[in-house]
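The structure under discussion appears below in the form of structure tokens.
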Amino acid sequence: MVEMINDLVLAVSNFLYDPWVPLFLVVAGVVLTIRTGFPQLRMLKEAFRVVMEKPKTEGAMSSFGALMISTASRVGTGNIVGVSMAICMGGPGAVFWMWFIAVFGGASAFVESTLAQIYKRRNPDGSSYGGPSYYMETALRQRWLGVLFALFVILTYAVGYNALASYNLQSTFAGFGFYNAQTTPAVLGAVLAVLFLVCIMGGGKRLAKVTGVMVPVMGIIYIAVAVIICVLNARRLPAMFVSIFADAFDFKAIFGGFSGSCLMHGIKRGLYSNEAGMGSAPNAAAEADVSHPAKQGLVQMLSVFLDTLLICTATAFMCLTSNVVPTEELAGAPFVQAALQSTLGGIGPVFIAVSMTLFAFTTLLGNYYYCEGCLRFILKRQPSRGFMVGFRIVASVIVFAGAIASMGLVWNMADLTQGLMVVTNIPVILLLAKPAVAALKDYRRQRREGENPAFRAADIGLKEPTDFWN
């Protein structure tokens, strides 16, 4: 039964990725980069400035808080195991294509999060909520499409991504003496599921507090260790860069076997890591209390850079500067652990196990955060307490199930569900890019005039009603 399900999931996934998902991501990234005037490069400094602004209302969600929730989802096991999978299965050239998707995906992230801010809704207490489902309903007047997308989000984050994060975490301990393939995955899965359930029972504010502390700390430590390893292996850096670029532009090999090429694996794992264009981060971005929608667009653009250009690159460099040759048999945690052990000795695998534990846990929390908002959209109201308790228990059971599932099934399921989000959200943000682009121009104008930008819908000729900007 498991093999039949995996074969079906893989067949649909292959149809989506050969060539639709890569095509959508590349076209959207390039088109939106041109339309927005390359904000990934021109406004990176501004993004760092904006992220430190306090919310307009005391106690409201700040830009930094929304960034940490979306980054908790983005920065996770994909930054370690996902990078390893891409290199082992596709070759070192996959790293270049991860960079490519991140750079151009920054524009997609800006547009989708700015749209989420423009069309966000107001809670009775004055706070906000929203996401792609809401701009699909308001701007396109297609509620059915918003419901479909909300279902895809729940499938991706509560099922695909959380099952994968749980599997990746337990697989990290496979090289330790105490690991028993028959019992250890179930034990680790049960512990993780219980801890996860305790946290999500506290709701969104607790998630923001937990991720706001854990994400920056673990990210800084991880990058610091990567820098140390690169310094120790500095003599191998030139050869590493040669291998990345030579493999990335070996088009004969790429088009000779596209589905298994470095380009395909780089795009798949890059998307799993940074999520730009998927429509996930806008669900958190809509909750930030900012004076101008473009501010949160810039902040979420920054999250893509932090994720792929820093943390994924850190993993890639640690692995490719080691003397361990990537093979399909080492794909996943074993390659990263072997690479670090070759440089740091026995402490290397321990460091990866600890990092994976922290990364996986914040990933689970960030992933789940998106699901509650989508349930609210589908039901047209705040779900009852009893319903949410049941949903949280089911989500925790899925975390446990992921730990004992097969590697092929969890990766294929994650690829399939994230692909469904992409082919739904990308065409929408291309159609609705005009107000996001106009908002960015309005933001730039006010900054040139020395003002702290404040947004009014009428200033960009927005006709649709909004809860905040009229």
Side-chain angles (χ1 to χ4, degrees), residues 1-10 13 76-86 88-89 155 157-200 269 272 315 319 324 326-342 345-365 367-368 392-417:
M1 179 63 72
V2 172
E3 289 178 1
M4 289 175 60
I5 294 172
N6 185 48
D7 289 343
L8 177 61
V9 169
L10 183 59
S13 178
T77 59
N79 299 87
I80 301 177
V81 176
V83 174
S84 168
M85 291 286 291
C88 290
M89 304 298 288
L155 282 175
Y157 287 90
V159 181
Y161 279 9
N162 271 5
L164 180 56
S166 181
Y167 175 85
N168 285 338
L169 172 59
Q170 67 83 15
S171 70
T172 307
F173 293 91
F176 293 89
F178 65 82
Y179 188 90
N180 183 305
Q182 303 300 317
T183 59
T184 306
V187 172
L188 291 175
V191 172
L192 188 60
V194 170
L195 292 174
F196 170 71
L197 182 61
V198 169
C199 262
I200 63 176
R269 301 288 77 84
Y272 172 56
T315 299
C319 291
V324 178
T327 63
E328 290 190 16
E329 290 72 27
L330 286 175
F335 177 46
V336 187
Q337 290 177 315
L340 265 70
Q341 187 167 18
S342 71
I347 196 174
V350 175
F351 172 73
I352 289 299
V354 173
S355 297
M356 280 287 291
T357 300
L358 295 175
F359 277 130
F361 192 65
T362 55
T363 294
L364 292 173
L365 298 179
N367 288 349
Y368 173 80
R392 289 164 181 167
I393 291 173
V394 171
S396 301
V397 171
I398 292 171
V399 170
F400 170 76
I404 60 176
S406 67
M407 181 174 75
L409 179 58
V410 291
W411 276 106
N412 292 334
M413 180 64 75
D415 285 340
L416 169 62
T417 54

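Note that the coordinates shown come from a computational prediction; the quantities given were computed from them, not determined experimentally.
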Heavy-atom donor-acceptor pair, S166 side chain to A163 backbone, under 3.5 Å = no

Taking atom CG of L330 and atom CE of M89, what is their separation to the nearest 0.5 Å?
-> 12.0 Å

Side chains of W411 and V9 in contact at under 4.5 Å (non-hydrogen atoms) | no

How long is the span from the CG atom in N168 to the OG1 atom in T357, to the nearest 0.5 Å?
-> 11.5 Å

Across all chains, not counting sequence neighbours, the side-chain contact (heavy atoms from CB on, under 4.5 Å) partners of A186 are F400, I404

Quick one: closest heavy-atom pair of Q337 and P349, and the distance?
-> NE2-O, 3.8 Å

Just how far is it from atom CG of N162 to atom CG of N367, taken to the nearest 0.5 Å?
-> 4.5 Å

Qualifying residues under side-chain contact (heavy atoms from CB on, under 4.5 Å), relative to N180, sequence neighbours excluded = Q182, T183, T184

Side-chain donor/acceptor of S396 to backbone N/O of R392, under 3.5 Å | yes

With sequence neighbours left out, write down each residue that passes side-chain contact (heavy atoms from CB on, under 4.5 Å) with A401, or none if nothing qualifies.
-> none

Minimal non-hydrogen separation, G160 against A414, with atom names = O-CB, 4.1 Å

Write down the atom of C319, the atom of F335, and the distance for their closest heavy-atom approach.
-> CB-CE2, 3.5 Å

Sorted by chain and residue number, the side-chain contact (heavy atoms from CB on, under 4.5 Å) partners of T417 (sequence neighbours excluded) come out as L155, T156, M413

To the nearest 0.5 Å, how far apart are CG in L416 and CG in L409?
-> 10.5 Å

Side-chain contact test, heavy atoms from C-beta onward, threshold under 4.5 Å: evaluate it for N412 versus N6 and give yes or no.
-> yes

Residues that S13 engages under side chain to side chain donor-acceptor pair (under 3.5 Å), provided they are two or more places apart = none

Between F173 and F178, what is the ring plane arrangement, given parallel below 30°, perpendicular above 60°, and tilted in between?
-> tilted

Quick one: which residue pairs count as a side-chain hydrogen bond (donor to acceptor under 3.5 Å, both in side chains) with a foot in residues 170-179, not counting sequence neighbours?
-> Q170-Y179

